[in-house]
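Each chain gets a letter, A, B and so on, in the order its sequence line appears, and its residues count up from 1.
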Amino acid sequence: MAGHAIEVILSRQLADSLNIPVFIVDPEGNLLFYNAPAEELLGRRFEDTGEMPMEEWSTSFYPTDADGTPIPSDKIPLVSSIKNQMPAHNNFWINSFDGRSVNISATAIPIVGRAGKFVGAMALFWDTESKV
Amino acid sequence: MAGHSIEIILSRQLADKLNVPVLIADPEGNLLFYNPAAEELLGMRFEDTGVLPMEMLFKYTYPTDDHGNPIPTEEDPLVICLTHHVPAHKAFWIKSFDGNKVKISATAIPIVGRAQEFVGAIGMFWDIEKKV
Amino acid sequence: MKVVLHGTRGAYPTSTPENQKYGGDTPCIELIHGEERLIIDAGTGIIGIDWNRYDPSKRLDILLTHLHMDHIQGLGFCKPLFDPNREVHIWGPKNGTYSLNTRLNRFLSPPLFPVVLRDIPSQPHIHELSQSEIELGPFTIQSNYIVHPGPTLGFRISCEGKTLTYIPDHEPMIGTDELYNDDRWISGFDLAYKTDLLIHDSQYEREEYIKGKIGWGHSCMTICSEFAARTQVGRLVFFHHDPAHNDTRRTQMFEDFMESSNYSFPIELAVQGQEIEI
C-alpha cells in the first residue's frame, strides 16, 4: 500500500494542529482527510465518513449562493484548485450534515512538491460568523 | 529565546517541501520565513535576509494593479489576514528581482492553533502565467 | 529528584520472553521528590505502581502527553482513580474543538471500557494544558505542543534546580534527520534546552524510519541524539522501544549506533523498573 506523499503528510499534520476547518484531497479530488474543526462545521466525523470521492463530497454539502441557487462545481474552490492547479477562493452557503445552513469563505491551495509534482490540494473553510 | 509555535514550525516544514512560493508571517507582520520558491521569485535568499518586516517586502516587490497603480497596503491579502484574522485573496502585479513585472495570485491564510490563539499567517503566491 | 521508568515500550505492550530486558509495558514514568510524586503518562506501566508506597490521603496528579492508546490504556486500571476518598487530577493537551473531558470519555466509556469517566469513584478533576507553566508541589512543569499526530505535549519538569524533559513521542523533523539551523524552528527545543535528563522517543532504526515510517510521529536514534546534542542535554535516555524489536535487536541497534557516533553526553536505553537520580 503506497503511502501518501510527504507534502500530503505534512499538510495533514499541519491541519491537525489548526483550529480552522481543513480538507485535504488527492489529485483526483478524493477527500483524504478533514480535521476536527471541519468535523464540527460539517456535523460528521471523518472516522465515520472516511475518504470520499469528489462527486460525493462536492455535492453532499449542497453548496449554494445567497439565493439558494446551487453553485456550479467549478466554482467550488477545492474543485477549481484540483482542475486548474491554482489557488481559488469563494464565499457560499452550505448545509452541514446535521442540517445547519452555514455561510463559509473557502480558500483552496494546490499542493505541489519540490519536484513539481501536483499531489493534491488543501482547502480551509471559514464560518464567516465565527471570530478569532 | 522562545521557540516558534508548533503550527508555525509545521507550516515551515510544509513550505520547505512545496514548489509554490510561501511566506510565513507572525502576528506583528514580520516575515519569519520564505521558501526557496519564494526566494526565486523575489531574488532574495532567506539565509541572507533573515526575518524581514513586511514593509521591506512591499518595497522590494512594489505591488500594483492592472493599471500600474500601487496597491494600498491594507488591500494586500497578507495584511488583511494579519489584521482581521481571515483568509484573503487577490491578484496583482509585482516586480520580481530581475525587474520584470509578474502577475500573481496571492492567498493568505490565518494560522490559528489548537489553543485557539492566532499565531501568524501563511501567504502563498502564484505566478499566473506559470503552469504546473 | 528521582525518576522511575514504569513503562518504556511504545505502541502496544509486549509480554514475550524476548522483550523482558527493556520491559514490555507502555509509557509511564514517576517523579519522586521526598514524599511528593508526579505521574506522567498512563500506559500499562501505571498498573504496576505500588500505590501503598504513598500516603493514600495525598492528592495524585497524572500528566498525559497525549491520548494515543499506549499512553492512556492503563488509566482505567489505575487503583487511585477508584478510591472515592482520593483526590486525583488529570492533566492533558488542550484541543480547540473537543475538550479533554470529551476525548477521555471516548476511551473511558462503553464499548471500550465499562465505566464512564463521570462514574469513576474518585471523580477526577480534568485540566487542559497547552503552552503552559504550572506548579504541583515541589515540581514546576512547563508544557508545549511538539510534532506528533494529534495534540501532543512535551514536558519539562524542574525541582530544586534539577530538570527532566520528557518527550516520549516526537518526530521533530518529518522526513529528514537534519534539524533546522535556527533553534527557534525546532519542535521541543525550549523544553529540552540544557535539561539534566532527556527521555525521548527513539523507536526506529534510521533505515526503518526512512523506508517506511515517515510521518508516523516517531524518531530514530539518530535524530533523537541530534536533537539532544542541539539542546545540550546532560543525559539522554532512549525511550519508546518498538514492540517489534526484541531485546537482542534493540541491544544491537544501540551498540551499532554508539559505535558510529560520538556524543559528549551519556546515552542509554530505557529499562523498565530503572530508577534514575537526577
According to the interplanar angle, ranging from 0 to 90°, do the rings of B:His89 and A:His89 count as parallel (below 30°), tilted (30 to 60°) or perpendicular (above 60°)? parallel

Winner by heavy-atom pair count (cut-off under 4.5 Å) against chain A, out of B:Asn35, B:Asp16, B:Val20: B:Asp16

List in chain and number order the residues that pass side chain to side chain contact (heavy atoms under 4.5 Å, CB included) with B:Ile94, two or more places apart in sequence or in another chain; answer none if no residue qualifies. B:Leu41, B:Thr61, B:Pro63, B:Phe92, B:Val102, B:Ile104

For chain A, the option from B:Leu14, B:Val86, B:Ile111 that forms the most heavy-atom pairs under 4.5 Å: B:Leu14

Roughly how far, to the nearest 0.5 Å, is OG of A:Ser80 from CG of A:Asp74? 7.0 Å

Given B:Leu10, B:Val119, B:Leu18, the one with more heavy-atom pairs under 4.5 angstrom with chain A than any other is B:Leu18

Please report the closest heavy-atom contact between A:Ile71 and A:Ile76, naming both atoms and the distance. CD1-CG1, 4.0 Å

Using the side chain to side chain contact (heavy atoms under 4.5 Å, CB included) criterion, which residues pair with B:Asn69? Sequence neighbours excluded. B:Asp65, B:His67

Contact residues of residues 16-31 of chain A (partner chain B; heavy-atom separation under 4.5 angstrom): A:Asp16, A:Ser17, A:Leu18, A:Asn19, A:Ile20

Is there a donor-acceptor contact under 3.5 Å from the side chain of A:Asn35 to the main chain of A:Ala15? yes

From the list A:Pro87, A:Ala36, A:Ala5, A:Ser11, the residue making the most non-hydrogen contacts under 4.5 Å with chain B is A:Pro87

Can you classify the ring geometry of B:His85 versus B:Phe118 as parallel (below 30°), tilted (30 to 60°) or perpendicular (above 60°)? parallel

Is chain A contacted by the side chain of B:Ile109, its backbone, both, or neither, given a heavy-atom distance below 4.5 Å? side chain

Heaviest contributor of heavy-atom pairs below 4.5 Å to chain B, chosen from A:Leu124, A:Val119, A:Ile9, is A:Leu124

What part of A:Thr107 lies closer than 4.5 angstrom to a heavy atom of chain B: side chain, backbone, both or neither? side chain

Drop me the distance from B:Asn19's CG to A:Lys117's NZ, to the nearest 0.5 angstrom. 13.5 Å

Toward chain A, the part of B:Ile122 with a non-hydrogen atom under 4.5 Å: side chain

Listed by chain and number, what are the side chain to side chain contact (heavy atoms under 4.5 Å, CB included) partners of A:Thr64, not counting sequence neighbours? A:Trp93

For B:Glu74 versus B:Val79, what's the shortest heavy-atom pair and its separation? CA-CG1, 4.1 Å

What part of B:Pro110 lies closer than 4.5 angstrom to a heavy atom of chain A: side chain, backbone, both or neither? both

